[in-house]
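Each chain gets a letter, A, B and so on, in the order the sequences are listed, and its residues count up from 1.
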Amino acid sequence: MDNENANLNFDQLRLDKLQQLEEAGVILYPPEFERKDTIQDIKARFESIGHEKSEGMVFTAGRIFTVRNHGKTVFADLGDEDGRIQLYIRKNDLGDEKFDFFNRFIDRGDIIGISGHVFRTKVGEITIWVDDFTLLTKSVCSLPEKFHGLRDVEKRYRQRYIDLIVNEESRQTFRTRSRIISLIRQYLSSRGFLEFETPILQPIYGGANARPFTTYHNYLEQNLFMRIAPELYLKRLVVGGFEKVFELARNFRNEDIDTHHNPEFSMVEIYEAYRDFRDMMALTEGIISHLVFEIHDTYQIPFEDSMLDFKPPWKSLSMEDAVKTIGNIDIWQYSVDELREIARTKRIDGWEKPENPREFLVLFFEALVEDQLVQPTFVYDFPVENSPLAKKHRTKEGFTERFELFIYGMEVANGFSELNDPLDQLNRLLRQDEKRKGGDAEAQMIDFDFINALGYGMPPTGGVGLGIDRLVMLLTNKNSIKEVILFPSMKQMPDGPSPEDEE
RNA sequence: GGGCUUGUAGCUUAGUUCGGUAGAGCGACGGACUCUUAAUCCGUAGGUCAAGGGUUCAAAUCCCUUCAGGCCCGCCA
């Protein structure tokens, strides 16, 4: 057993111990251990224990995190998923052979099962007085330092398992992530929504403006795209007669990676028949404020340098009013030439492009307003030009019934009264397709089957998508999406095995 | 894509300004210690200073290239 592979972190001394154990006939990785008590259980059950050993025994297991050797006694800290507890191991109790075995062969990072009695040390810590222990898993890699832990950000992301072993804060973040997802499920399921799974491999991608990943199916002999959104399939379900549907969807977008974007990210998309964009705003507010309260027991939570207040009702204003009150530009007061001049003097990137007031509205909104929306704020009534799947506004010419939710300058939700007019939809996608063929890599393809579906008739429907990763960021006070994705996309290390080596 | 910035022992790091034998703590290994908890005490080993090239009598340090991160901006959700 030699540590010659440069890709392995195996510790030679530990490999040597492993070999000695094997030669001594020790079962190295036994298949089971009857754990009767978790550490949390033990601490709760013996909360008022005194200095005398308990009558009852405990049987628990976990990883060794620190060892304090005192010669004929040893103190060690044992940790499982929810807690840590101190072990007290005495030569007198274990006998020479077993005690020496512990000192020679049990290392920090190993997983052991123990049986013992509970007592409180003279400095007051609940401790297990160990009667016996069993090696359950020998660790052949050494753990990071006990005090500073693992700080190296890159290593924390690439080898998340180490991060989770030693950094409680990281473990807490992902516990919260898991809770958020299950709370969303419960919230929707309990209100009669059905959860479905729609294709991730799609012959035609759609539902958002983004560049896709492309892949190839050998037997079909055709290209497939990984979905950028589940939207068009979920609406087919509404056509089919499912009136309240949602999907917790992983989406894939072939774009840059930064603190707010990962190539694969999670969304929940929700559709409900006989509802409109205003109902979807209410639903969004309901879900998110519920999450905040369930997780933090309050509607006010800190994020970065701010306190966010999620207590409903949230601020809500049209895009025109947002630009007027926050950007200080009333677009209806100016001609297109004047708007262009304003954009130019404010040095807004892309000031040359817009051709009508609505396009300037979007430009000003993105440049002047978005960042200012710190508290949860709905912005509604988006121009038709950049909303190809939203229903045209019931009263405002050139606008759609669409909203987005902004929190701390981040777009967290996007929803609308779904476009269900098949002819309108056809025309809008034709326009997108022209843009795409004109070189706009993020414009949408025409999905004729989807338009046909609308042709059979989709009831008036409201829909919304919520970015899960960003929600988790907000609820855990993390400023990078990589802190809330267990295994964020990272560039491959040069010395690792490369995919080209695989058959 | 642009700007700034980081990479030194298993981990956390000093040393880089101003070139002169690579230093510490934790961890590991050996020893002492029967209520410690970042245990303590004594001793030992452990480094291609991210990789490659250049300047120089001499490079972790200066210069160039490359690799992998981080932060900010642009694009997107």
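Shown here, B/rA28 forms a base pair with B/rU44; the pair counts as Watson-Crick or G-U wobble because both key distances fall under 3.5 Å. Using N1 to N3 plus N6-O4 or O6-N4 for Watson-Crick, or N1-O2 and O6-N3 for G-U wobble, each under 3.5 Å, B/rU17 pairs with nothing. B/rC62 and B/rG54 make up a base pair, with Watson-Crick or G-U wobble contacts both under 3.5 Å. Searching all strands for a Watson-Crick or G-U wobble partner of B/rA9 with both distances below 3.5 Å returns nothing. Under the Watson-Crick or G-U wobble criterion, with both distances below 3.5 Å, B/rC4 is paired with B/rG70.
At a threshold of 4.0 angstrom between heavy atoms, the contacts of A/G465 with the nucleic acid are absent.
In this structure, the CZ atom of A/F147 is 12 Å from the P atom of B/rU13, given to the nearest Å. What separates NZ of A/K122 from P of B/rU37 is a distance of 11 Å, to the nearest Å. Atoms CG (A/D152) and P (B/rU6) sit 15 Å apart, rounded to a whole Å.
A/F378 pairs with exactly one of A/F277, A/F406, A/W314 by the ring pair (Phe, Tyr, Trp, His ring centres under 6.0 Å) rule, that one being A/W314.
Within 6.0 Å of NZ in A/K98 there are more than 12 heavy atoms belonging to other residues, nucleotides or ligands. Within a 6.0 Å radius of CZ in A/R104, no more than 12 heavy atoms belonging to other residues, nucleotides or ligands are found.
The base of B/rU12 has none of its N or O atoms less than 3.5 Å from a complementary donor or acceptor on the side chain of A/R151. Counting atom types as modelled, A/D256 pairs a side-chain N or O with a base atom of B/rG74 as donor and acceptor under 3.5 Å. For B/rU37, the base has no donor-acceptor partner in the side chain of A/T66 [N/O atoms by modelled type, under 3.5 angstrom]. Side-chain atoms of A/N69 come within donor-acceptor range of the base of B/rC33, with a qualifying N/O pair under 3.5 Å. Checked by distance alone, A/N92 brings a side-chain donor or acceptor within 3.5 Å of a matching partner on the base of B/rU34. In this model, a side-chain donor or acceptor of A/Q86 finds a partner on the base of B/rU36 within 3.5 Å.
The aromatic ring of A/H70 stacks onto the base of B/rA39, its centre lying under 5.5 Å from the centre of the six-membered base ring with the two planes under 30° apart. A stacked arrangement is assigned to A/F265 and the six-membered base ring of B/rA77, with a centre-to-centre distance below 5.5 Å and an interplanar angle below 30°.
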Taking it one step at a time, do A/Y88 and A/F119 satisfy ring pair (Phe, Tyr, Trp, His ring centres under 6.0 Å)?
CA-CA 10 Å; A/Y88 182 49; A/F119 77 112; 5.7 Å; yes
Using the rule given for side chain to side chain donor-acceptor pair (under 3.5 Å), can you reason through A/S115 versus A/D132, listing the C-alpha separation, both sets of side-chain angles and the distance that settles it, and then say yes or no?
CA-CA 5 Å; A/S115 59; A/D132 196 10; 5.1 Å; no
